[in-house]
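A short worksheet on the structure shown next.
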Amino acid sequence: MEIILKRENSLGLESLVELGFNSEEELELEISKLIKFRPEFDTNLE
């Protein structure tokens, strides 16, 4: 008996629904929240 390990790589081909979003705008909103500047990381704060 031969055991074969099968691994599928994802290259971002999932649909918006599979990712948990209802629209592209909803996805873009969540991305913008993730990349938004956070003042607590600014080293120049007093």
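Formation of a donor-acceptor pair under 3.5 Å by the E30 side chain with backbone atoms of L27 is not found in this model. Side-chain atoms of E26 come within 3.5 Å of backbone atoms of N22 as a donor-acceptor pair (strictly under, hydrogens ignored).
Put simply, CD on E18 and CG on L13 are 9.5 Å apart, with the number rounded to the nearest 0.5 Å. Rounded to the nearest 0.5 angstrom, L29 CG and F21 CZ are separated by 9.0 Å.
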